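Encoded as structure tokens, the structure appears first; notes follow it.
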Amino acid sequence: MDHDVVIVGAGLAGLACARTLHAAGVDAVVLEASDGVGGRVRSDVVDGFVLDRGFQILLTAYPELHRWVDLESLDLCRFDPGARIRVGGRFHTVGDPLRRPGDLFSTVVAPIGSPLDKLRVLRAVASVRKGSVPDLLRRPDGTTAERLRHLGFIDRAVERFLRPLFAGIQLDPDLEVSSRRFDVILRMLAVGDSAVPAAGMSALPEAIAAGLPEGTIRLSTPVRGAGAGEVRTDDGSLSATTVVVATDGPTAAGLTGAVADPGSRPVAALWFGADAPPLRGPSLVLDGDRSGPVRNLAVMSEVSSRYAPEGRASVVAAVPGPDALDPALPAATRRQLRGWFGAEVDGWDLLRVDVIPHGQPDQRPPLHPKQPVRVDDGLFVCGDHRDTASIQGALFSGRRTAAAILADRGR
Ligand SMILES: Cc1cc2nc3c(=O)[nH]c(=O)nc-3n(C[C@H](O)[C@H](O)[C@H](O)COP(=O)(O)OP(=O)(O)OC[C@H]3O[C@@H](n4cnc5c(N)ncnc54)[C@H](O)[C@@H]3O)c2cc1C
């Protein structure tokens, strides 16, 4: 036997699985196809700009995060609560008056929804704050759009605020993802902060990987096939008592032939370098006008100054859904942002376009969180496709899978 446990993939799920096994004294190696850890949560430095692979936000309320990292060690930079919304050709601030009383006036007068809608938001938040997260995941399921209708929202509030917000978080411009996920995300937004590590999102997986013994992770080692007790790499086969496939769902389906492909929600991000920030402040910007493919935007150098070199600004524009795959996206994005910020956009450098065909698994209702992780004796799968399609879901899934392996061994 070459190894006790072989884990395929050093994304958040694979890292959490490896950490849990090592903490229990089980020897596990991680084989990762790419040249770094983090999977979908990675960052690169390009010409002095920090570019995450896609626009990602860390929700500090995710309970699983606190198991693996001291969040403050990531030097978190927080977004303002609420958002700035582009409506009627202007930006309006919609704050969280409970956390930033100064935003109360602008929130009340913003043309986002009726005063009744604003009360409905408060009521929805109060409802998801009750009980536990598992309780929310057991609520009757439907689409996010159905949930919003059930909560009484009329079109204006949905179109101007809720659709662009959840399009960005759930990669779901049609609001067809499970309402259970909507409830959980709404709770996370309400009880915690939205943030990024100062040095980029990759600081999160790097901090988790740092807790593993040296030599545990083998980079640039793609696995070509995985079965009970065996994986195939370009250098031949490796045997193991237990194999854990911790890749994204479609890859796990291909490697094992034993789990279903969960489907994919695509997303794109366009990163720009500018001479000056087009907006001041660490805000999430939403398009309430549906003025083009971009649904969310942030001036990242206003969130963390490390995202741009001295004297420059960095802007990320996110395009969730099928528009992400349109080859004409860069031109359409620049046209849209020119409408927002004027001719200065023509001078912005397009630093990178990230097109991510599998941003998240497609979790339409009925959502079954906690899907089986044991495929066969000696073969397990984990990842966001087994739990909720999120950083929280991936970390939880890795830990849950390790616990199942340990339970098999009477631990
Ligand atoms: C642009 C974008 C924005 C997002 N925004 C958010 C957000 O704001 N908040 C949130 O909670 N979630 C967000 N998500 C979702 C979140 O990033 C994912 O749910 C989570 O990172 C998935 O982790 P994972 O470990 O399950 O899978 P992955 O991150 O996909 O990790 C799988 C790993 O397996 C490796 N691998 C694949 N095939 C092989 C092979 N054959 N051999 C060896 N290794 C292999 C991959 O290289 C990768 O490292 C976003 C995702 C994207 C793409």
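One-based numbering, in listed order, for ligands and for the atoms of each. Predicted model only: the values in this text are computed from it and were never measured. All residue numbers refer to positions in the sequence shown, counting from 1.
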(request) Look at atom CZ of Arg90 and say whether more than 12 heavy atoms of other residues, nucleotides or ligands are closer to it than 6.0 Å. (result) no
Out of [options], who gets a non-hydrogen atom closest to [atom]?
{"atom": "atom 52 (C) of ligand 1", "options": "Arg42, Arg232, Arg40, Gln56", "result": "Gln56"}
{"atom": "atom 39 (C) of ligand 1", "options": "Asp35, Val267, Val41, Thr247", "result": "Thr247"}
{"atom": "atom 16 (C) of ligand 1", "options": "Val8, Ile391, Leu395", "result": "Ile391"}
{"atom": "atom 26 (O) of ligand 1", "options": "Asp384, Leu255, Leu58", "result": "Asp384"}

(request) Run the numbers for me: atoms of ligand 1, each under 4.0 Å from some heavy atom of Gly383, listed by number. (result) 26 (O)
(message) Which of the numbered atoms in ligand 1 are under 4.0 angstrom from any heavy atom belonging to Pro222?
(response) 42 (N)
Considering only protein heavy atoms, which is closest to [atom], and at what distance to one decimal place?
{"atom": "atom 46 (C) of ligand 1", "answer": "Glu32 OE2, 3.5 Å"}
{"atom": "atom 23 (O) of ligand 1", "answer": "Ala394 CB, 3.4 Å"}
{"atom": "atom 25 (O) of ligand 1", "answer": "Ala13 N, 2.9 Å"}
{"atom": "atom 43 (C) of ligand 1", "answer": "Ala33 N, 3.2 Å"}
{"atom": "atom 42 (N) of ligand 1", "answer": "Val223 N, 2.9 Å"}
{"atom": "atom 14 (N) of ligand 1", "answer": "Gln360 NE2, 3.6 Å"}
{"atom": "atom 31 (O) of ligand 1", "answer": "Gly11 CA, 3.4 Å"}
{"atom": "atom 34 (O) of ligand 1", "answer": "Gly9 CA, 3.3 Å"}

(request) Could you check if a side-chain atom of Val184 sits within less than 4.5 angstrom of a side-chain atom of Arg181, using non-hydrogen atoms only? (result) no
(message) Is the shortest side-chain heavy-atom distance between Phe380 and Val375 below 4.5 Å?
(response) no
(request) Flag Tyr62 as yes when one of its N or O atoms lies below 3.5 Å from any N or O atom of ligand 1, and as no otherwise. (result) yes
(request) Please confirm whether Ile57 comes within less than 3.5 Å of ligand 1 when only nitrogen or oxygen atoms on both sides are compared. (result) yes
(request) To the nearest 0.5 Å, tell me how far Asp193 CG sits from Leu76 CG. (result) 8.5 Å
(message) Check contact between Ile169 and ligand 1, using heavy atoms of the residue and a distance below 4.0 angstrom.
(response) no
(request) Describe, in one word, how the ring planes of Phe341 and Trp348 are oriented to each other, choosing from parallel (under 30°), tilted (30 to 60°) and perpendicular (over 60°). (result) tilted
(message) So which atom in Ala16 and which in Leu395 form the shortest heavy-atom distance, rounded to 0.1 Å?
(response) CB-O, 3.5 Å
